[in-house]
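All of these numbers come straight from a predicted model, not from anything done at the bench. Along the sequence shown, residues carry numbers from 1.
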Amino acid sequence: MAAAQRIVIENCSIATVDADDTEYATGHLVIAGNRIESLGAGRAPEGLENVDRRIDATGHLVTPGLVNTHHHYYQWITRGLATDHNLFNWLVALYPTWARIDEQMVYAAAQGSLAMMARGGVTTAMDHHYVFPTGSGDLSGAIIRAARETGVRFTLARGSMDRSEKDGGLPPDFAVETLEGALAATEATVKEHHDSSFDAMTQVAVAPCSPFSVSTELLREGAELARRLGVRLHTHGSETVEEEQFCKELFGMGPTDYFESTGWLGEDVWMAHCVHMNDSDIAAFARTKTGVAHCPSSNARLAAGIARVPDMLAAGVPVGLGVDGTASNESGELHTELRNALLINRLGAHREAALNARQALRLGTYGGAQVLGRAAETGSLEAGKLADLVLWNLDTLAHASIADPVTALVFGAAAPVTASFVNGRQIVENSRLLHVDEDAIARSTREQAQRLARIAAQG
């Protein structure tokens with residue numbers, strides 16, 4: 001590390017989101033190679049060697065990069081549809097279109113989804129992709145390629161479905177895989193793409209879609225596969241009251257008990273939404289350290305309800321934030337979820353005591369890293385951790401009169417990103433991506449959205 005090129009950031013406010021919530025009103029941070037070498041109050045130490053760049057960050061707040069814990073990138077090309085539907089009717093309306101995606105569409109949609117998140121401060125992203133129509137190409141490879149080009153740290157949750165319309169599920173028959181095919185393709189994806197190293201840029205999780213669309217066998221054998229391969233597990237859980245009714249009618253128990261019966265609770269598991277959780281469910285998640293991806297905007301868009309995030313946090317459940325697919329959160333931005341998580345949870349039982357600004361920031365950073373199993377490497381600003389961080393410009397009309405920078409970031413308008421670093425490499429400058437062409441991506445996503453619409457209309 002002594003020989004590594006250094007970047008020195010000075011004269012900024014810093015919210016470390018470490019275990020003590022350490023903050024510096026005016027401080028510095030030194031990047032050496034792909035690691036955070038040091039940080040603290042005041043100016044950086046004198047005499048540092050190999051300083052490649054100095055950044056005067058006056059008027060900025062430096063935080064850990066945001067961590068997105070749930071998304072469906074392919075939905076970028078079906079935004080703005082079924083806007084007045086609840087979850088079940090929304091799925092029924094959109095599955096016939098989603099079942100016609102191909103590699104070209106998925107690559108463009110992944111580019112759009114990743115670009116929107118990265119330019120807004122996301123440094124670690126994930127995608128839960130579970131639609132693999134027959135003959136659609138290398139969809140996992142397309143998504144990973146888009147993430148690599150954008151420059152973010154990435155987890156692909158390789159999803160699957162084997163319960164189609166003929167089995168009482170929602171997806172069309174040609175949009176699902178067989179049990180054996182799904183397991184084999186998932187294992188192949190893990191073996192080809194998963195990197196278990198400390199500074200890994202690509203990891204893979206095993207991720208059957210939901211109780212609505214997968215068999216009990218796929219859940220159970222998927223969990224066994226993940227643990228044999230040493231990777232994490234992800235799925236949707238307890239999203240709606242309809243899911244609870246479905247599980248009770250089909251399996252004779254609620255979603256949490258059903259998941260536990262199939263091996264789907266544990267510190268290597270995280271689930272999206274978890275809106276309809278009773279005290280017993282929350283206790284089970286806390287006991288097993290099962291994580292939750294909280295998606296406030298999507299839950300509101302689909303009228304799913306308000307997740308009991310304050311109760312989960314009080315019980316010790318790991319909780320991060322998720323954008324969710326952009327067919328149910330058209331903005332596709334995670335930094336706006338900091339504010340939405342705080343505001344929506346204050347509509348619940350805890351009212352103004354539900355969440356504060358620093359808790360919201362922790363959900364979007366350290367909480368997300370914890371849920372993805374990467375809290376030792378990222379999610380907080382600490383010496384030795386990976387240099388994944390964001391410089392938020394709070395010296396603007398939208399924020400300059402708010403004295404506390406964390407309050408300005410969370411309660412205020414979406415703050416501009418002056419710089420975003422992943423693995424010590426800058427990927428955003430002045431809210432523009434450095435390594436991909438945003439305008440070209442916009443054109444490509446529009447073309448692929450129109451192409452998909454034409455194909456779906458032809459049936």
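Residues Y107 and E149 have side chains that bring a donor and an acceptor to within less than 3.5 angstrom of each other. A donor and an acceptor atom, one from each side chain of S297 and N340, are located under 3.5 Å apart. A donor-acceptor contact under 3.5 angstrom links the side chains of W392 and T63, judged on distance only. A donor atom on one side chain and an acceptor atom on the other are found under 3.5 Å apart for Q448 and R451.
Using a 4.0 Å cut-off between a side-chain N of Lys or Arg and a carboxylate O of Asp or Glu, E330 and R301 qualify as a salt bridge. D279 and R308 are joined by a salt bridge, as a carboxylate oxygen and a charged side-chain nitrogen come within less than 4.0 angstrom of each other. Ionic pairing of R432 and D439 is present here: one or more N-O contacts between side-chain nitrogen and carboxylate oxygen are shorter than 4.0 angstrom.
Once rounded to the nearest 0.5 Å, the distance linking OG1 of T378 with CD of Q370 reads 13.0 Å.
Annotation: side-chain hydrogen bond (donor to acceptor under 3.5 Å, both in side chains) contacts of H128 (sequence neighbours excluded): none. In terms of the side-chain hydrogen bond (donor to acceptor under 3.5 Å, both in side chains) criterion, T202 has no residue partners (sequence neighbours excluded).
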Checking salt bridge (Lys or Arg N to Asp or Glu O under 4.0 Å) for the pair R362/D21: CA distance, chi angles, key distance, verdict?
CA-CA 9 Å; R362 179 171 288 275; D21 272 328; 2.9 Å; yes

Give the C-alpha distance, both sets of side-chain angles, the deciding distance and a yes or no for ring pair (Phe, Tyr, Trp, His ring centres under 6.0 Å) between W98 and W76.
CA-CA 11 Å; W98 294 339; W76 187 265; over 10 Å; no

Should K191 and E187 be marked as a salt bridge (Lys or Arg N to Asp or Glu O under 4.0 Å) after you check the CA-CA gap, both sets of side-chain angles, and the distance that decides it?
CA-CA 6 Å; K191 289 182 175 178; E187 181 167 3; 2.9 Å; yes

Steps toward salt bridge (Lys or Arg N to Asp or Glu O under 4.0 Å) verdict (K248, E244):
CA-CA 6 Å; K248 286 182 176 178; E244 184 173 9; 3.3 Å; yes

Steps toward side-chain contact (heavy atoms from CB on, under 4.5 Å) verdict (R100, M105):
CA-CA 9 Å; R100 289 164 172 82; M105 295 174 190; 6.0 Å; no

Quick one, V292 with M312, criterion side-chain contact (heavy atoms from CB on, under 4.5 Å). Give me CA distance, side-chain angles, the key distance, then yes/no.
CA-CA 9 Å; V292 171; M312 294 178 193; 4.0 Å; yes

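Closest non-hydrogen pair, G325 versus H71, comes out as CA-ND1, 3.9 Å. Between N345 and P310, the closest heavy-atom pair is OD1-CD, 3.5 Å.
H193 has its side chain out of reach of L156: every pair of non-hydrogen atoms, C-beta onward, lies at least 4.5 Å apart. M271 is not listed as a side-chain neighbour of H236, based on a closest heavy-atom distance of 4.5 Å or more. The shortest distance between side-chain heavy atoms of S210 and E243 does not fall below 4.5 Å.
Under a cut-off of 6.0 angstrom, the local environment of CZ in F88 is sparse, with at most 12 non-hydrogen atoms contributed by other residues, nucleotides or ligands. Within 6.0 Å of CD on E267 lie no more than 12 heavy atoms contributed by other residues, nucleotides or ligands.
For Y74 and H129, the ring centers are positioned less than 6.0 Å apart. A ring-centre distance under 6.0 Å is not found for H273 and H294.
Judged by a 6.0 Å distance limit and a 45° cone about the ring axis, R158 is positioned over the six-membered ring of F132.
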